[in-house]
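One structure below.
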There are 2 protein chains.
Amino acid sequence: MASSTVENYLKHVYLIGQTSDQDLVAMGQLATAMEVTPGTATSMIKALSDAELVRYEPRAGVALTPQGEKLALHVLRRHRLVELFLVNVLGLSWTEVHAEAEELEHAISDKVLERIDTYLDHPSVDPHGDPIPPATGVMDTPTLASLADCPLTQPTRIARVLDQDPGFLKFVDRSGLTPGRGVVVQHRDPAADAVTITPDSQPPVTLGTHAASKILVESE
Amino acid sequence: MASSTVENYLKHVYLIGQTSDQDLVAMGQLATAMEVTPGTATSMIKALSDAELVRYEPRAGVALTPQGEKLALHVLRRHRLVELFLVNVLGLSWTEVHAEAEELEHAISDKVLERIDTYLDHPSVDPHGDPIPPATGVMDTPTLASLADCPLTQPTRIARVLDQDPGFLKFVDRSGLTPGRGVVVQHRDPAADAVTITPDSQPPVTLGTHAASKILVESE
DNA sequence: ATTCTGATTTTGATTGGCCAAAATAAAAAG
DNA sequence: CTTTTTATTTTGGCCAATCAAAATCAGAAT
Ligand SMILES: [Mn+2]
Ligand SMILES: [Mn+2]
Ligand SMILES: [Mn+2]
Ligand SMILES: [Mn+2]
């Protein structure tokens, strides 16, 4: 049985690997994500390497083995199904469920997980628009444009928000930029590093390019 | 923050204390319940004593302080609400939920807990008939007779089953002796150490006195 | 080619939980 | 009263996960 710690390491290797073009995750990034010192990450990764869950290249970085990836995706499935369940069934806010799921993802049995999946009618995305890895088969992660780079003045739909910080999510929520909402990107001002968006039936909002790049859209 | 281990120790001290007339729980019983060696229990209890969660009398036993009892009841509340939720909402069998709740009881936040409580409309007992400690105030644990000692030939109702073993619970389930069901105790045979019961609209069952004593009833 | 710098690894130490087995104390038996 | 039994505590050690700080390495800069 993998401990919560092991599950968290594998999940973070997977998540960092997704948002980076390199095929190896640097130890520094991993240590930062796990909120441990670099030495701690190194020794843990060595242990995971002995357990065949990761491939470790000293001074270069780390990648998941097929076995490690399977486990990471299973944790991610639990995390995201739990988030959706907390929002849709128990009525928690999508801005807060991440922290809850961070604990519950390690405590849910396969049986309970599949009941939740059935109860929710086999959903494909969580409250943040993150795709839910299926029990079997591969997860499709469509490549999406963001508010920082999608076409201007076209009606589009918010598909995914790439940040779990409750402060940021509350701002997104207040501004009407939640997943599923229709929006139009009005214009961009490179000098001011700003993007102005009009969400359907809400006042326009201006946000910085960095924030805009964390909000992904799909074309209508 | 109390670790899962600490929470489990406190819960077991509480539970053993409930089913015993002595006011101190013996280290041996606790070690057995926690499935650790006696020495491990001793050193853990010393630590809990330093943390003011228990009162420890060397060579005599251990009891919860008010603070420790509060924490134990909070864990028990989580455990029992989770069990009921798993049965009533996700449709798991009452014979299996104990093991699930044993993990989840440590991973549920106060916020989620109170949502579950609201969703279930503030229930007072779990699927086994065990009382659910309220968020505030005292839990009432009515003194109940068992199938081994209640009056004969009187219509009564199964109120509580004092064993979490899935094998035993499945037998109870098959026999129609689940909490809420009406039954009549037909007769007892001290020589055979046996009790014969007729559950409403089910064939009669005969069980040993020890098993009968774990099934509690309330008068109609 | 040499030096510097930043990332990484190593080393030595700590903490929480655990076990095995020896030591001890209390209770039961004689 | 002693002796024996049984419960409990102590001792010494292990493993997972962590940190602080020293050592090392690789690439960048000179
Ligand atoms: Mn986690
Ligand atoms: Mn999410
Ligand atoms: Mn538990
Ligand atoms: Mn129960």
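Order of the sequence lines sets the chain letters (A, B, ...), proteins ahead of strands, with each chain counted from 1. Owing to the predicted nature of the structure, the values given are computational and were not obtained by experimental measurement. Side chains included, hydrogens not; waters and symmetry mates left out as well; all remaining heavy atoms used.
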Donor-acceptor contact present, side-chain B/S213 to main-chain B/A148, <3.5 Å: no

B/M34 CE - D/dT8 C1' separation (whole Å): 18 Å

Nucleotide nearest B/P38 (side chain, heavy atoms from C-beta), chosen from D/dT8, C/dC19, D/dA17: D/dT8

Among C/dC18, D/dT18, C/dT10, the nucleotide that comes nearest once only the side chain of A/T5 is considered: D/dT18

Closest heavy-atom pair and its distance - A/E218, A/L144: CB-CD2, 4.0 Å

Nearest-0.5 Å distance that lies between atom CG in A/L84 and atom CG in A/L92: 12.0 Å

Presence of B/K46 side-chain N/O under 4.0 Å of D/dT10 phosphate oxygens OP1/OP2: yes

Polar side-chain atom of A/S49 near backbone of A/R55 as donor-acceptor pair, under 3.5 Å: no

Interatomic distance, B/L24 CG vs D/dA7 P [rounded to whole Å]: 17 Å

Rounded distance (Å) that lies between atom P of C/dT8 and atom CD1 of A/I45: 12 Å

Contact residues, residues 51-61 of chain A to DNA chain C [heavy atom, < 4.0 Å]: A/Y56, A/P58, A/R59

A/M27 CE - D/dT18 P separation (whole Å): 13 Å

B/T40 side-chain N/O to C/dC18 phosphate OP1/OP2 under 4.0 Å: no

Side-chain N,O (B/S43) to OP1/OP2 (C/dC18) below 4.0 Å: no

From B/N88, B/V161, B/D126, residue fulfilling side-chain contact (heavy atoms from CB on, under 4.5 Å) relative to B/W94: B/V161

Salt-bridge contact B/K111-A/E96 (side-chain N to carboxylate O under 4.0 Å): yes

Residue-phosphate contact under 4.0 Å: B/Y9 side-chain N/O, C/dG16 OP1/OP2: no

Heavy-atom closest contact (B/R77 atom, B/P133 atom, distance): NH1-O, 3.0 Å

Any B/S3 side-chain nitrogen or oxygen under 4.0 Å from OP1 or OP2 of C/dG17: yes

A/A26 side chain, from C-beta outward: closest of D/dT8, D/dT18, C/dT8: C/dT8

